[in-house]
Amino acid sequence: MSATKKILKDLESLQNALALNIEERIRETVTRRDRFNLVVAGGNTPRGLYERLAARPAGSLPWEQVHLYWGDERFVPQADPKSNYAMVEETLLDHIEIPAANIHSIPTDTEQVEQAAAVYEERLRAEFGDQAPSLDLILLGMGSDGHTASLFPGCPVLEEDQRWVGASNAPVEPKERITLTYPILNNARAVYFLVSGARKADAVRNAVLRDLEKNACPSAFVRPAGELIFWLDQAAAQLVPKD
Ligand code: 6PG
């Protein structure tokens with residue numbers, strides 16, 4: 001499916017619009033299926049989005065029917081401030097009534113990072129069976145180098161075409177990462193990129209135009225079976241050709 005761009009004036013407007021869209025998407029989906037599988041993104045950009053979702057009036061979001069997964073994780077203890085779990089816990093989980101059984105975080109208490117990836121894969125397969133699931137919505141960030149989740153340029157995991165979870169290495173600390181791979185990302189019902197700021201404009205252009213090879217822009221190879229929407233502020237969208 002081709003990509004859609006939603007361009008908002010600034011990050012605050014972007015997070016407001018995205019929070020409303022996600023709330024509506026969840027409520028509409030659970031009227032048809034009794035469960036919404038949401039993959040949360042790490043990093044800093046989505047913090048305000050999670051805070052807005054957490055601030056919705058009690059009962060306006062059916063959290064008991066929402067299952068949360070992580071798109072990637074740093075191989076650090078969940079209590080570490082650099083953990084994506086810790087960020088989502090601080091901005092969202094601590095403020096909503098969601099059953100613990102609905103929170104499917106990536107384990108980081110194994111000896112090796114590869115084991116953590118294997119454990120998460122086993123848990124996903126136990127949950128969904130051996131066909132890559134069509135997760136309802138996957139939220140992704142994007143780095144200025146074109147990475148997304150922890151699919152970084154030059155990482156062997158970019159070539160993974162069977163497993164749903166892999167280990168990777170980031171160019172910045174914490175370097176050891178666990179990430180969902182293209183097979184599961186590209187089977188999603190919907191993928192939203194949430195990107196803000198001029199420093200990412202070049203990466204956004206590359207991801208939208210898809211005119212570079214995988215190592216130059218891993219984000220460009222997220223091509224889901226379902227919807228793909230780039231949620232951008234004007235600064236991040238400045239190099240994207242106007243439709
Ligand atoms: C992570 C993220 C990563 C992030 C981008 C953008 O673990 O850091 O999964 O892919 O989304 O690096 O990060 P910012 O939102 O902090 O710019």
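Order of listing sets the numbers, starting from 1, for every ligand and every atom in it.
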Go through ligand 1 atom by atom and flag the ones less than 4.0 Å from a non-hydrogen atom of Arg199. 17 (O)
Counting only nitrogen or oxygen atoms and a 3.5 angstrom limit, does Ser150 reach ligand 1? no
Does ligand 1 have an atom under 4.0 Å from some heavy atom of Glu73? no
Could a heavy atom of Ala149 be found less than 4.0 Å from some atom of ligand 1? yes
Salt bridge (Lys or Arg N to Asp or Glu O under 4.0 Å) partners for Arg47, two or more places apart: Glu90
Given Glu127 and Arg35, is the salt bridge (charged side-chain N to carboxylate O under 4.0 Å, His left out) satisfied, shown in steps? CA-CA 13 Å; Glu127 188 92 24; Arg35 169 168 168 158; 2.7 Å; yes
For atom 15 (O) of ligand 1, grab the closest protein heavy atom and report residue, atom and distance to one decimal in Å. Thr45 OG1, 2.6 Å
Report the relative orientation of the aromatic rings in His104 and His67; use parallel for angles under 30°, tilted for 30 to 60°, perpendicular for over 60°. parallel
Does Asp136 come within less than 4.0 Å of Arg33, counting only side-chain N to carboxylate O? yes
Atom indices of ligand 1, in the order listed, that fall short of 4.0 Å to a heavy atom of Gly141: 11 (O)
Going by ring pair (Phe, Tyr, Trp, His ring centres under 6.0 Å), Tyr69 matches just one of Trp164, Phe36, Phe128, Tyr85. Which one? Phe128
Geometric N/O contact Gly143 with ligand 1, under 3.5 angstrom: no
Min over Ile178, Asp72, Leu180 of heavy-atom distance to atom 2 (C) of ligand 1 lands on Asp72
Identify, by atom number and element, the atoms of ligand 1 in contact range of Asn84, meaning under 4.0 Å from any of its heavy atoms. 1 (C), 7 (O)
Quick one: nearest non-hydrogen protein atom to atom 16 (O) of ligand 1, plus distance? Asn44 N, 2.8 Å
Under 3.5 Å, is there a donor-acceptor pair linking the side chains of Glu73 and Thr108? no
Based purely on interatomic distance, does Thr148 place a nitrogen or oxygen under 3.5 Å from a nitrogen or oxygen of ligand 1? no
Would you say the side chains of Asp10 and Ser13 form a donor-acceptor pair under 3.5 Å? yes
Parallel, tilted or perpendicular: ring planes of Phe193 versus Phe230, cut at 30 and 60 degrees: parallel
If you have a sec, work out which protein heavy atom is nearest atom 17 (O) of ligand 1 and how many Å separate them, to one decimal? Lys200 NZ, 2.5 Å
Which of the numbered atoms in ligand 1 are below 4.0 angstrom from a heavy atom of His147? 3 (C), 5 (C), 10 (O), 12 (O)
Looking only at protein heavy atoms, which one is nearest to atom 8 (O) of ligand 1, and how far off is it? Arg74 NH2, 2.7 Å
With rounding to the nearest 0.5 Å, note down the distance linking NE2 in His95 to CD in Glu89. 9.0 Å
